[in-house]
2 protein chains.
Amino acid sequence: MQEAVQDILKKNQLSITGSRVKILELFLEQQGALAHGDIERRTGEKFDRVTVYRTLQVFLNKGIIHSIPTSDNSVLYALCKDDCGEGHHHDNHVHFVCDACGTTMCLDDVTVPAIRLPKGFKFNQIQVVVNGRCKDCN
Amino acid sequence: MQEAVQDILKKNQLSITGSRVKILELFLEQQGALAHGDIERRTGEKFDRVTVYRTLQVFLNKGIIHSIPTSDNSVLYALCKDDCGEGHHHDNHVHFVCDACGTTMCLDDVTVPAIRLPKGFKFNQIQVVVNGRCKDCN
DNA sequence: TAAACAGATGCAACTTTGTTGCAAAATAAT
DNA sequence: ATTATTTTGCAACAAAGTTGCATCTGTTTA
């Protein structure tokens, strides 16, 4: 775990600091996505609010995490796969929100189907968010 | 236009007030989706911020408008089709965000494709947001 | 390993966004 | 026209997010 975290930070040319390590660990420990609030709570309020914001911003820019649009318009973040990097995300997978337990997760194996757009439209990225019941809540 | 607006309000048993009429007009005039901020600006600051919030909330509850999840996690609203009502939305269409002009719109004719979920998952609602270039920005 | 540098953090202050209670005003009903 | 019901605007507040700056920590180099 420690190694994985340091690896990711080094690979992205980020200095290894307490907040970055702790927040990355949270993402690695956790299957699902995390809201800003989750992170503040789970770090035991060890870090300043501003630091958490800035750390997430850095991770976003570097392509370590990506943000997930939700139907209730809260902001969620989740780890990216290996092939994401600065400037190019490849998170063309489906996001799933469980209505029962509230967990949001990436279904990495479910690829986004092709969508037939009207004439004149060109697509760049497709985001899919599915609501329902996850395998633990059925 | 005036009639259409009054029709919609009456059909939903809402009293006809200045702010409701004005805000509904904005949605009817406009193809795309509106952010809360857009509405405040476009009404010429005629109404209190709180009124705009409450009006949108009422429209949401009545199924007159629906909210759209965006990748930058801002809140957008768009008109529902006729078959939406209190408690039951039928907005299973694709939302499109133009990277060039920033407009967000509903592609009512593009239906959301079926998605094959992993074992144990059951879906309830599927939201699709496509980024790219709209027909006017190509 | 110590000094110097660059970058990250915490604090304070601030802006923006959204919410709540209540009195005044507007709408609908009689 | 009068009454009852909603809706509105105001004020105050809470939550979310941002910015500048001084201080501290991690990294680099000699």
Side-chain angles (χ1 to χ4, degrees), chain A residues 2-3 5-26 33-62 64-77 86 104, chain B residues 2-3 5-26 33-62 64-77 86 104:
Chain A
Q2 308 285 27
E3 283 179 31
V5 167
Q6 303 222 347
D7 256 30
I8 294 174
L9 290 177
K10 278 178 192 161
K11 204 176 293 174
N12 287 280
Q13 302 159 52
L14 294 173
S15 46
I16 295 166
T17 67
S19 62
R20 289 180 181 164
V21 170
K22 181 68 193 169
I23 292 175
L24 250 187
E25 278 177 2
L26 281 183
L34 293 170
H36 180 100
D38 294 331
I39 293 166
E40 273 191 79
R41 256 169 269 124
R42 305 268 287 269
T43 51
E45 309 190 6
K46 250 165 64 184
F47 307 107
D48 194 82
R49 236 157 41 84
V50 179
T51 301
V52 176
Y53 279 113
R54 291 198 268 224
T55 303
L56 289 173
Q57 203 53 53
V58 168
F59 286 178
L60 264 184
N61 289 340
K62 290 291 185 177
I64 299 173
I65 60 177
H66 60 274
S67 69
I68 303 175
T70 60
S71 28
D72 71 335
N73 291 102
S74 58
V75 190
L76 292 177
Y77 302 95
E86 201 157 357
T104 297
Chain B
Q2 308 284 28
E3 284 179 30
V5 167
Q6 303 223 348
D7 257 30
I8 293 173
L9 290 176
K10 278 179 191 160
K11 204 177 294 176
N12 288 280
Q13 302 160 52
L14 294 173
S15 45
I16 294 164
T17 68
S19 62
R20 288 180 181 163
V21 170
K22 182 67 193 168
I23 292 175
L24 250 187
E25 279 176 2
L26 281 184
L34 294 170
H36 178 100
D38 294 332
I39 294 166
E40 273 191 81
R41 255 168 270 124
R42 305 268 287 268
T43 52
E45 310 190 6
K46 250 164 67 182
F47 307 108
D48 193 84
R49 235 157 40 83
V50 179
T51 302
V52 177
Y53 279 112
R54 291 198 268 226
T55 304
L56 289 173
Q57 202 54 53
V58 168
F59 286 178
L60 263 185
N61 290 340
K62 290 290 186 177
I64 298 172
I65 60 177
H66 61 274
S67 69
I68 303 175
T70 61
S71 29
D72 70 335
N73 292 102
S74 59
V75 189
L76 293 177
Y77 302 94
E86 201 157 354
T104 296

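What you see is a predicted model; the values in this text were computed from it and never measured. Proteins come first, then strands; the chains are lettered A, B, ... in the order of their sequence lines, and each starts at number 1.
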Can you give me the closest heavy-atom contact between Leu60(B) and Ile65(B), atom names plus distance? CD2-O, 3.5 Å
Within this structure, what is the NE2-to-P distance between His36(A) and dG17(D), rounded to whole angstrom? 7 Å
Return the value, rounded to whole Å, for the distance between atom CD of Glu40(A) and atom P of dG17(D). 9 Å
For the pair made of CG in Asp38(A) and C1' in dA16(D), what is the distance, rounded to whole Å? 15 Å
When every nucleotide of nucleotides 18-30 of chain D is labelled 5' to 3' by its protein contacts under 4.0 Å (heavy atoms), B for base, S for sugar-phosphate only, - for none, what sequence of letters results? BBB-----SS---
dT7(D) phosphate, OP1 or OP2, under 4.0 Å from Thr55(B) side-chain N/O: no
Which pair of non-hydrogen atoms, one from Ala33(A) and one from Leu76(A), has the smallest distance, and what is that distance? CB-CB, 4.1 Å
Quick one: how far along DNA chain C does chain B reach, first to last nucleotide 5' to 3', anything under 4.0 Å to a heavy atom? dT17(C) to dA28(C)
Do you know the tightest heavy-atom contact between Val50(B) and Asp48(B)? N-OD2, 2.9 Å
Does Thr55(A) offer a backbone N or O that forms a donor-acceptor pair with the side chain of Arg20(A) under 3.5 Å? no
Say whether, by atom type as modelled, one donor and one acceptor occur between the side chain of Asn12(B) and the main chain of Leu14(B) under 3.5 angstrom. no
Can you name the side-chain hydrogen bond (donor to acceptor under 3.5 Å, both in side chains) partners of Arg42(A), sequence neighbours left out? Gln30(A)
How close do Ser19(B) and Phe47(B) get, counting heavy atoms only, and between which atoms? CA-CZ, 3.5 Å
If we only count heavy atoms from C-beta on, is the Val58(A) to Arg54(A) side-chain gap below 4.5 Å? no
